[in-house]
Amino acid sequence: MTTHRKKSSNDHNHLSERLRAMSANIWWTWNPEAQRLFFRLAPQLWRDSNHNAFEVMREISDQELTARLHDADFAHKARTVLADFDAYTQSESTWARRHAAKLKNPVAYFSAEFGLHESLPIYSGGLGVLSGDHIKSASDLGLPFIGITLFYREGYFQQRIGPDGWQQELYPANKPEQFPITLVESNAGGRLLNSVQIGHSTVFFQAWAMRVGRATLYLLDTNLPENDLHFQGLTSHVYGGNIDTRIGQEIVLGIGGVRLLESLGVTPSVYHMNEGHSAFLVLELLLRELKAGSDRGEAERRVRSKCMFTTHTPVPAGHDRFSPELMSHTFGSYWSTSGMSMEDLLAFGRIHATDAAENFTMTVLALHMSRAANGVSKLHGSVSREMWKDLYPGTEVKNVPIGSVTNGVHTPSWASVHAHDFWNQRLGVDWTDKLMEPKFWKKIQSEELASDEELWALRYALRRDLVEFARRRMREQTMRVGGDGWGAFSKMLSPDALTIGFARRFATYKRAPLVFRDFEKILSLLTNHDRPVQILFAGKAHPRDNEGKKFIQKIVEFTHHPLLYGKVVLLENYDINVARHLVSGCDVWLNTPRRPLEASGTSGQKIGIHGGLNLSILDGWWREGYNGENGWAIGDDGNDPDQDRQDALDAEHLYRALADKVIPEFYNRDEAGIPRAWIRRIRNAMETLVPMFSTDRMVAEYITTYYLG
Ligand SMILES: *Cc1c(COP(=O)(O)O)cnc(C)c1O
């Protein structure tokens with residue numbers, strides 16, 4: 001007996017340690033069984049920490065954990081999840097092994113933001129979410145991969161909506177001890193310290209490491225007593241502060257990132273700049289080549305051969321630009337070691353090298369110094385070629401060397417627990433390994449795999465989840481501004497009504513209020529007694545974007561309209577968690593950008609696995625995703641230079657699509673109560689969109705077209 005006890009207690013100690021280690025790798029963010037385990041350990045803490053497994057494990061003492069592991073069922077589940085984790089992290093037979101064995105050294109992927117999970121608020125929006133999904137798929141495919149970003153102590157803001165409908169911004173502290181990160185140490189032990197030169201100041205930074213499955217993300221952090229107070233806060237906020245903050249952050253990210261890799265002894269096979277924010281890295285690489293003895297031409301060629309660049313911004317104003325004065329001031333002492341003049345430096349970031357009035361543009365720097373560049377959808381690729389054609393004089397626009405890789409999403413991260421369970425049962429638990437296999441997704445057409453009735457049951461379950469989540473959130477929101485918490489929240493929203501979602505950053509080009517442009521029209525559609533429709537909104541406006549904030553206020557006003565109350569709802573604090581609820585519960589995902597300003601858009605790609613359908617302007621990814629049967633288009637490729645006229649036209653097309661197609665198809669039920677045509681459309685959407693718009697496909701495309709190139 002005693003020996004048996006002893007053995008089992010050793011086993012439990014071992015299990016405890018391994019559970020702790022597993023919680024420190026954010027693999028659990030895309031594994032529902034792992035999440036269930038942590039939820040089960042501390043349900044309220046799991047909720048309060050915004051589903052942070054690492055926080056849960058931090059609070060749970062060794063005594064408690066040992067005791068809890070005496071629950072045989074719990075211990076069994078823990079062992080199962082740990083076995084999955086080990087199989088994942090140790091697997092030798094990965095896609096990259098088979099298809100990219102040549103890539104031995106890691107890809108170094110630089111991005112100013114990473115949206116990995118709701119408990120890690122170091123992202124602002126789509127760009128961050130894309131980076132997060134990119135690194136997760138890189139891990140899933142087994143690609144040697146390192147991400148580089150900044151550790152934002154106050155992250156991006158939490159949004160509150162005041163009683164007047166105006167957005168308020170709160171910045172809770174991101175405490176390193178609450179994050180699944182560890183301080184990077186030097187070989188000699190102790191914190192690894194590096195520095196960059198900003199103007200006349202030396203700015204020190206340390207780095208944190210986060211394990212993302214098989215990949216590693218490094219987060220650079222200037223919050224150090226060694227720095228002047230003002231530089232201690234340099235990396236506090238995502239896109240925070242003024243232009244000096246911006247250039248300083250970008251120096252830490254780009255130049256600091258290269259120095260970190262160097263001090264870690266990592267030689268990347270490729271430096272991938274995700275958007276121009278990190279493009280200063282090419283300057284550091286250039287200086288290193290010069291120092292090693294290359295002449296200038298050779299140095300440039302060598303840097304170019306290692307770098308690639310992805311642009312995301314189809315609006316000229318959206319690109320980072322710095323004045324020649326700011327550049328000279330900030331780079332004077334750094335650049336003085338290069339043997340080149342300040343004019344030489346400025347020329348790297350200019351379309352017309354000798355135009356003294358031209359600002360330094362990060363995108364131009366990145367394009368100049370990369371061996372390859374791409375936009376993030378086919379349409380955006382062609383918009384980008386047009387936009388940057390002056391950089392390539394004598395080249396026809398169609399031959400401008402900017403290609404495209406259309407964005408995708410990391411489906412396992414976005415699939416709700418319900419959806420995971422549903423597809424595990426029907427497609428087998430390894431469906432997440434087959435995300436980019438179009439043939440596999442053809443199965444969705446089969447009634448044997450999932451009947452119309454079962455798909456409709458899934459839709460109901462997901463819509464119900466969303467409605468309840470929204471009611472809970474609305475109650476909290478209302479109580480906070482002094483409203484009555486026990487009001488009519490249970491009557492808000494209907495689990496039977498056609499549910500439309502609109503959630504994304506409140507950038508004005510996305511035109512959130514477009515659906516209200518003709519108020520009488522939308523009112524009659526939303527309030528039809530037999531065919532009710534409801535709309536949920538969510539999204540943050542950039543703190544300095546007053547026009548975006550006015551849009552939020554406008555939507556809030558509609559939510560207060562007596563006839564729309566409980567039918568139009570705005571959930572505050574859009575984040576990855578709110579997004580996951582919305583993309584799973586909404587029947588229709590609405591997107592109304594002003595063409596062609598939506599470079600890709602990704603939120604509409606998250607709904608496929610849940611049986612949601614897109615209703616969107618033919619912009620970004622939807623321009624190539626839509627096939628006539630897997631969702632709906634709003635309007636066509638037309639583009640009136642008169643913005644107001646185009647807005648009116650798009651609104652008109654939107655009402656027509658809703659009234660003539662979307663609403664009738666949703667409510668056209670057979671004797672069994674099933675909307676057959678609707679479900680046919682869901683099957684078409686899943687078959688065609690899930691494999692195409694997955695980050696597995698996207699990362700595989702980056703590998704074969706660019707990383708290996
Ligand atoms: C997916 C997502 C985005 C990006 O959505 P778009 O459609 O590209 O605008 C932004 N924020 C969050 C929280 C998301 O989950």
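Whatever order the structure lists ligands and atoms in, that order sets their numbers, starting from 1. Position 1 is the first residue of the sequence, and the numbers go up from there. Source: prediction; values computed, not measured.
Under 4.0 Å from ligand 1, heavy atoms of Ser603 appear from its side chain as well as its backbone. For Asp575, every heavy-atom contact with ligand 1 shorter than 4.0 Å involves the backbone, none the side chain. Residue-level proximity to ligand 1 for Thr602 is carried by backbone and side chain together, each with a heavy atom below 4.0 angstrom. Residue contacts with ligand 1, taken as heavy atom pairs separated by less than 4.0 Å, involve Trp414 solely via side-chain atoms from C-beta onward.
Using modelled atom types and a 3.5 Å distance limit, the side chains of Tyr509 and Glu598 yield a donor-acceptor pair.
Near Ala579, meaning under 4.0 Å from one of its heavy atoms, ligand 1 places the atoms 15 (O). Annotation for ligand 1: atoms under 4.0 Å from non-hydrogen atoms of Gly601 are 8 (O).
No option in His312, His134, Glu113 other than His312 meets the side-chain contact (heavy atoms from CB on, under 4.5 Å) test with Asn274.
Protein heavy atom closest to atom 10 (C) of ligand 1, with residue, atom name and distance, is Gly126 N, 3.5 Å. The single protein non-hydrogen atom nearest to atom 11 (N) of ligand 1 is Tyr574 CE2, 3.4 Å, given as residue, atom name and distance. Closest to atom 15 (O) of ligand 1 among all protein heavy atoms lies Lys606 NZ, 2.7 Å.
A perpendicular orientation is assigned to the rings of Trp431 and Trp441, their planes being inclined by more than 60° (bins at 30° and 60°). Between Phe693 and Trp621, the ring planes lie perpendicular to each other; the angle is over 60°, past the 30° to 60° tilted range.
Taking the centre and axis of the six-membered ring of Trp632, the NZ or CZ atom of Lys661 falls outside the cone set by 45° and 6.0 Å. Geometrically, Arg214 does not engage Phe145 in a cation-pi contact defined by less than 6.0 Å to the ring centre and at most 45° from the axis.
Aromatic rings from Phe114 and Tyr123 are positioned such that their centres are separated by 6.0 Å or more.
Remark: among candidates Arg505, Lys510, Arg580, Lys540, the nearest residue to atom 9 (O) of ligand 1 is Lys510, based on non-hydrogen atoms.
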